[in-house]
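Remember, it's a predicted structure, so these values are computed and weren't measured experimentally. Below, chains carry the letters A, B, ... as their sequence lines are ordered, and counting in each starts from 1.
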Amino acid sequence: MGQYKKFKGTQDIFGEESKYWYFIEKKSRETFLKYGFKEIKTPIIEPTELFKRSVGENTDIVQKEMYTFEDKGGRSVTLRPEGTASVVRAYVENSMINLGSPIKLYYIGPMFRYEKPQAGRLRQFHQVGIEIFGTDTPISDAETIILADELLKSFGLKNYKIKINSIGCEKCRPKYREALKKYYKPLLPNMCHDCQKRYETNIMRLLDCKIDKEYAKEAPIILDHLCDDCKTHFNKVINYLDSLEIKYEIDSRIVRGLDYYSKTAFEIEHTDLGAQSVILGGGRYNSLVEEIGGKETPAIGFGMGIERIILALKKENVEIDNPEKIDVYIAYAGENTDIEALKLSKMLKNEGLKVFLNLSERSIRNQMKHANKVNAHFVAIIGENELKTDTVTIKNMTTGEQFEVEKFWVPQILKEKSLLE
RNA sequence: GUGGCAUUAGUUCAGUGGUAGAACGCCUGACUGUGGAUCAGGAUGUCGUGGGUUCAAAUCCCACAUGCCACCCCA
């Protein structure tokens with residue numbers, strides 16, 4: 001073991017793990033393209049101020065979880081803790097409003113939060129996310145949730161629950177907060193220490209407390225306090241989902257941790273995971289673009305945690321194809337066989353086959369062992385005999401079957417065979 | 001950030017104060033041009049790191065690091 005170790009909460013992803021990443025990214029892109037989304041890649045560093053403004057000064061993320069440092073120019077730089085702020089910044093900075101509304105964007109990449117790691121919670125983790133800018137219609141909320149559902153289905157996942165709520169807008173939420181305060185005030189002395197703190201900092205979190213569950217049962221519900229606009233909006237979203245027979249639960253405890261949300265908020269929870277069971281979360285944020293300095297632009301989006309999706313895939317035993325599997329291993333031994341091997345390798349790759357050309361000086365026996373090790377489907381052997389007769393010996397490593405073929409036909413035969421099996 | 005459990009070979013783990021082990025994996029050979037099965041041989045390592053107690057520490061004590069579990073919070 002070397003003297004250097006990866007930082008806490010970071011990981012090296014390779015070998016059998018890679019197939020999950022390839023799979024999730026591929027399926028995600030396919031699904032997003034089907035819905036007319038376009039990819040955006042933004043920097044992983046942004047001015048600290050951007051996250052303070054968008055995520056919210058008083059959130060845990062900003063208060064204690066950001067990787068923040070000063071660069072050589074004395075600027076305060078932060079490794080992005082989430083994706084939306086950067087995409088909104090990019091939307092405003094590049095005047096994407098001129099690209100026509102609404103515009104649909106997706107991103108895939110690493111995020112950073114200085115947290116105490118657990119399974120499904122890392123300091124560098126990865127998210128796939130989408131944002132839709134420029135529409136406040138209930139149908140756009142519905143499509144966002146439908147897309148999330150379709151995405152999870154495309155992974156082969158089944159054991160998840162969609163939970164929806166409306167957290168109101170700047171008109172109705174303050175009134176609801178008042179109602180909550182009124183309800184909780186007399187109960188407060190009997191409640192846990194955290195709740196007493198939350199009463200001041202984030203009263204909606206009281207509904208979520210695992211200790212004081214009992215009190216939450218009788219608490220006022222936000223859906224009863226929505227303004228007409230929010231109420232109509234929410235009902236329409238629900239209707240759209242019903243019309244497509246999307247299964248969901250209305251859960252008035254969903255409040256979302258980031259400041260910028262309004263109206264529709266939703267979470268998707270996987271039922272087989274531990275404490276970190278939310279695999280996807282999102283909602284509407286109608287004032288954020290303006291907050292960041294753009295024109296008033298309604299928007300909605302979600303973020304999905306890749307690591308948590310992988311945990312879910314493993315829990316549900318979803319079988320994932322490994323794209324790194326080798327079709328043909330080329331083994332050779334004897335004078336000038338290396339040149340023939342190189343030529344054959346080129347021919348096979350031109351046919352789209354995945355080829356592992358032996359790169360070491362070792363016996364055919366050891367090359368066979370290596371071919372077995374890298375899980376090659378076929379081995380093509382070029383020895384002195386083959387060189388004389390202009391042939392190649394092909395061995396099927398699954399069946400053990402072996403035959404000699406004229407060199408010219410090798411690509412075609414291997415291509416057909418590998419497609420058949 | 002709080003609390004609990006854990007850390008010994010590449011991996012899974014045994015070893016409760018007296019010279020660091022097993023299984024699997026890895027490498028080599030039996031087999032000079034054929035993998036997997038079998039047999040024989042080989043290498044595994046700062047016992048997480050640092051300190052302390054002791055004649056003697058993987059073993060007892062302390063601190064730190066890392067992982068896991070629960071909380072806070074979140075993807």
Side-chain angles (χ1 to χ4, degrees), chain A residues 1-3 5-11 15-16 24 55-56 58-65 80-84 108-129 148 192-195 197-198 201-202 205 208-211 254-258 266-270 273-282 301-312 329 331-334 337 358 362-387 393-402 404:
Chain A
M1 224 195 290
Q3 57 182 313
K5 285 169 131 178
K6 63 184 179 295
F7 276 120
K8 180 199 280 213
T10 65
Q11 51 181 348
E16 277 300 300
I24 290 167
V55 176
N58 291 317
T59 57
D60 272 26
I61 291 180
V62 170
Q63 289 283 312
K64 53 180 199 184
E65 292 174 0
R80 65 179 180 199
E82 57 101 44
T84 299
I108 300 177
M111 309 292 163
F112 304 83
R113 291 184 201 171
Y114 197 90
E115 297 210 63
K116 189 155 173 174
Q118 268 174 251
R121 167 184 293 160
L122 291 140
R123 288 188 170 182
Q124 178 178 340
F125 63 105
H126 298 78
Q127 283 190 339
V128 166
C192 72
H193 178 72
D194 281 333
C195 279
K197 255 192 335 198
R198 280 185 283 233
T201 56
N202 193 349
R205 286 255 164 243
D208 218 6
C209 180
K210 281 161 188 139
I211 302 163
I254 289 177
V255 296
R256 307 292 305 155
L258 288 62
F266 66 99
E267 287 181 358
I268 301 185
E269 201 176 278
H270 197 268
L273 266 37
Q276 275 69 241
S277 59
V278 176
I279 52 178
L280 188 152
F302 68 69
M304 179 189 86
I306 296 184
E307 284 84 353
R308 291 185 184 179
I309 295 291
I310 293 174
L311 290 175
Y329 186 98
Y332 53 93
T337 56
N358 169 54
R362 52 184 162 189
S363 64
I364 290 283
R365 173 186 173 72
N366 281 331
Q367 293 182 57
M368 294 301 287
K369 279 193 173 187
H370 187 230
N372 196 49
K373 192 83 211 163
V374 300
N375 217 351
H377 195 160
F378 293 98
V379 177
I381 302 164
I382 303 176
E384 279 163 7
N385 297 339
E386 286 85 354
L387 201 60
T393 297
I394 307 281
K395 180 160 186 172
N396 182 327
M397 297 296 275
T398 313
T399 63
E401 174 196 11
Q402 183 172 317
E404 215 167 298

Under 3.5 Å, is there any donor-acceptor pair linking the side chain of [X] to the base of [N]?
X	N	value
A:Asn385	B:rG33	yes
A:Gln367	B:rU34	no
A:Glu267	B:rA75	no
A:Glu65	B:rG1	no
A:Arg121	B:rC73	yes

Hey, does [X] reach any base, or is it just sugar-phosphate, or nothing, if we go heavy atoms under 4.0 Å?
X	answer
A:Gln402	base
A:Glu307	nothing
A:Ile381	base
A:Gly83	nothing
A:Gly383	base
A:Gln63	nothing
A:Gly129	nothing
A:Gly400	base
A:Arg198	sugar-phosphate
A:Ala371	nothing
A:Lys395	base

Separation of [N] [atom2] from [X] [atom1] (nearest whole Å):
X	N	atom1	atom2	value
A:Lys8	B:rC64	NZ	P	11 Å
A:His377	B:rU34	NE2	C1'	17 Å
A:His370	B:rC27	NE2	P	9 Å
A:Lys369	B:rU34	NZ	P	12 Å
A:Gln276	B:rC69	CD	P	8 Å
A:Met368	B:rU34	CE	C1'	4 Å
A:Leu122	B:rU66	CG	P	13 Å
A:Asn366	B:rA30	CG	P	10 Å

If I pick the [atom1] atom on [M] and the same atom on [N], what distance separates them, to the nearest angstrom?
N	M	atom1	answer
B:rA58	B:rU46	P	14 Å
B:rU16	B:rC47	C1'	14 Å
B:rU59	B:rG48	P	8 Å

Handout entry: Position toward the 5' end of RNA chain B (nearest nucleotide), A:Glu386 or A:Arg308
Key = A:Glu386
Practice task
Let me know, please, whether A:Glu82 or A:Thr393 comes out on the 5' side of the other along RNA chain B by nearest nucleotide.
Solution key: A:Thr393
Taking [X] for the side chain and [Y] for the main chain, is one N or O donor matched with an acceptor at less than 3.5 Å?
X	Y	result
A:Arg113	A:Arg123	no
A:Arg80	A:Pro110	yes
A:Gln367	A:Arg362	yes

Handout entry: Residue pair A:Asn372, A:Tyr329: steps toward the side-chain contact (heavy atoms from CB on, under 4.5 Å) verdict
Key = CA-CA 9 Å; A:Asn372 196 49; A:Tyr329 186 98; over 6 Å; no
Practice task
Under the side-chain contact (heavy atoms from CB on, under 4.5 Å) rule, what do A:Met397 and A:Met368 come out as? Steps first, then yes or no, please.
Solution key: CA-CA 9 Å; A:Met397 297 296 275; A:Met368 294 301 287; 3.9 Å; yes
Problem - Counter-base of B:rU38, judged by Watson-Crick or G-U geometry with both distances under 3.5 Å - result: B:rA30
Practice task
Could you check which of B:rG36, B:rC68, B:rG33 has an atom nearest any side-chain atom of A:Glu384?
Solution key: B:rG33
Problem - From B:rG25, B:rC72, B:rG48, nucleotide with atom closest to A:Lys64 side chain - result: B:rC72
Handout entry: Side-chain H-bond candidate by donor/acceptor type, A:Gln276 with A:Glu307, under 3.5 Å
Key = no
Handout entry: From CA spacing to verdict: side-chain contact (heavy atoms from CB on, under 4.5 Å), A:Ile108, A:Ile24
Key = CA-CA 10 Å; A:Ile108 300 177; A:Ile24 290 167; over 6 Å; no
Problem - Short side-chain N/O contact from A:Arg365 to OP1 or OP2 of B:rG35, under 4.0 Å - result: yes
Practice task
Indicate whether OP1 or OP2 belonging to B:rC73 is found under 4.0 Å from a side-chain N or O atom of A:Lys116.
Solution key: no
Handout entry: Test log, rule side-chain contact (heavy atoms from CB on, under 4.5 Å), inputs A:Cys192 and A:Arg198
Key = CA-CA 10 Å; A:Cys192 72; A:Arg198 280 185 283 233; 4.2 Å; yes
